[in-house]
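Structure first, then comments.
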Amino acid sequence: MDTKYPNIVEFEIMGDYALFTDPIMRVGGEKCSYQIPTYEAIKGILSSIYWKPTLIWCVDKVRVMNRIQTEVKGIRPIKYSGKGNDRNDLAYYTYLKDCRYQVQAHFTWNDNRPELAADRNENKHHQIALRMIKKGGRRDIFLGARECQGYVAPCIFGQGEGAYDDLPELSFGLMYHGITYADEAYSAETQKKMTARFWYPVMKNGVISFLRPEECPGQKTLGSMEIKPFGEALENFSGLREFGEVE
């Protein structure tokens with residue numbers, strides 16, 4: 001195991017189908033999956049396994065175990081405008097099928113949450129995360145979209161035969177990496193903002209090594225965003241008083 005980070009977790013993701021897309025492709029019409037998982041999709045799976053606002057999951061590597069295959073399905077998505085039969089639409093979605101990946105990741109402390117500093121017990125969170133991987137996660141696992149049910153299990157990263165172990169290098173061009181939310185900001189430019197990230201992934205012998213969010217060459221601000229309050233901070237969040245959630 002790589003000892004650069006002492007809280008590394010390693011697990012395998014499996015599913016019949018996956019739909020890894022840029023969020024801009026989710027507003028309607030046709031949807032087509034990327035050939036490989038996005039950083040944000042893997043991070044979402046890690047959050048379903050175990051998450052607390054005290055920590056931030058960082059995806060280090062993903063290993064593609066099965067051959068990349070796609071399957072097109074005819075879908076009748078619901079339109080949120082119109083009445084009766086007008087609310088049904090027709091579209092083709094292109095999914096990845098027979099998906100299997102190995103993941104290596106670790107967590108860091110969320111410096112944007114100083115009020116949770118007392119909860120920064122590395123061994124506690126690491127052991128809970130390992131137990132949750134053995135149990136298949138705390139919440140349902142999805143491979144990029146709600147209709148793509150997935151499963152997780154412990155593994156040793158790099159063990160076993162992968163479909164692309166003998167392929168020296170494969171580039172995928174410009175690709176969506178993820179979104180930086182206000183409570184995970186890492187620079188003055190990302191404070192109180194929602195920022196989309198883009199990068200150029202390269203798979204080497206079946207392994208994709210992810211850049212850290214702050215290292216991504218493409219960054220675009222999507223809009224302003226406040227940090228979600230927790231605990232005592234709710235008392236100072238006037239927006240909740242309007243809904244009667246804070247007395």
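In what follows, every heavy atom counts, from backbone to side chain, and hydrogens, waters and symmetry copies are set aside.
Residues forming a ring pair (Phe, Tyr, Trp, His ring centres under 6.0 Å) with Phe210 (at least two apart in sequence, or on another chain): Tyr39, Trp199. Applying the side-chain hydrogen bond (donor to acceptor under 3.5 Å, both in side chains) test to Gln69 and every residue at least two apart in sequence or in another chain returns nothing. Under the rule for a side-chain hydrogen bond (donor to acceptor under 3.5 Å, both in side chains), the partners of Gln219 that lie at least two apart in sequence or sit in another chain are Tyr186.
Salt bridge present: Glu184 and Lys43 bring a charged side-chain N and a carboxylate O closer than 4.0 Å.
To the nearest 0.5 Å, atom CZ of residue Phe20 and atom OG1 of residue Thr38 are 7.0 Å apart. Note: Glu226 CD to Met194 CE = 12.0 Å, rounded to the nearest 0.5 Å. Atom OG of Ser47 and atom CH2 of Trp57 lie 9.0 Å apart (nearest 0.5 Å).
For the residue pair Glu71/Tyr17, the side-chain donor-acceptor check at 3.5 Å is satisfied. Side-chain contact annotation: Asn7 with His125, donor-acceptor N/O pair under 3.5 Å absent. Judged by distance alone, the side chains of Arg138 and Ser48 never bring a donor and an acceptor atom under 3.5 Å apart.
The hydrophobic cluster containing Phe142, built from Ile/Leu/Val/Met/Phe/Trp/Tyr side-chain heavy atoms closer than 4.5 Å, comprises no other residue. Here Val72 is tied into one hydrophobic group with Tyr92, each link being a pair of ILVMFWY side chains closer than 4.5 Å.
Contacts classified as ring-ring contact (aromatic ring centres under 6.0 Å, His included) and involving residues 145-172 (residues at least two apart or in different chains) are not found.
Around CG of Asn66, the count of heavy atoms belonging to other residues, nucleotides or ligands within 6.0 Å exceeds 12.
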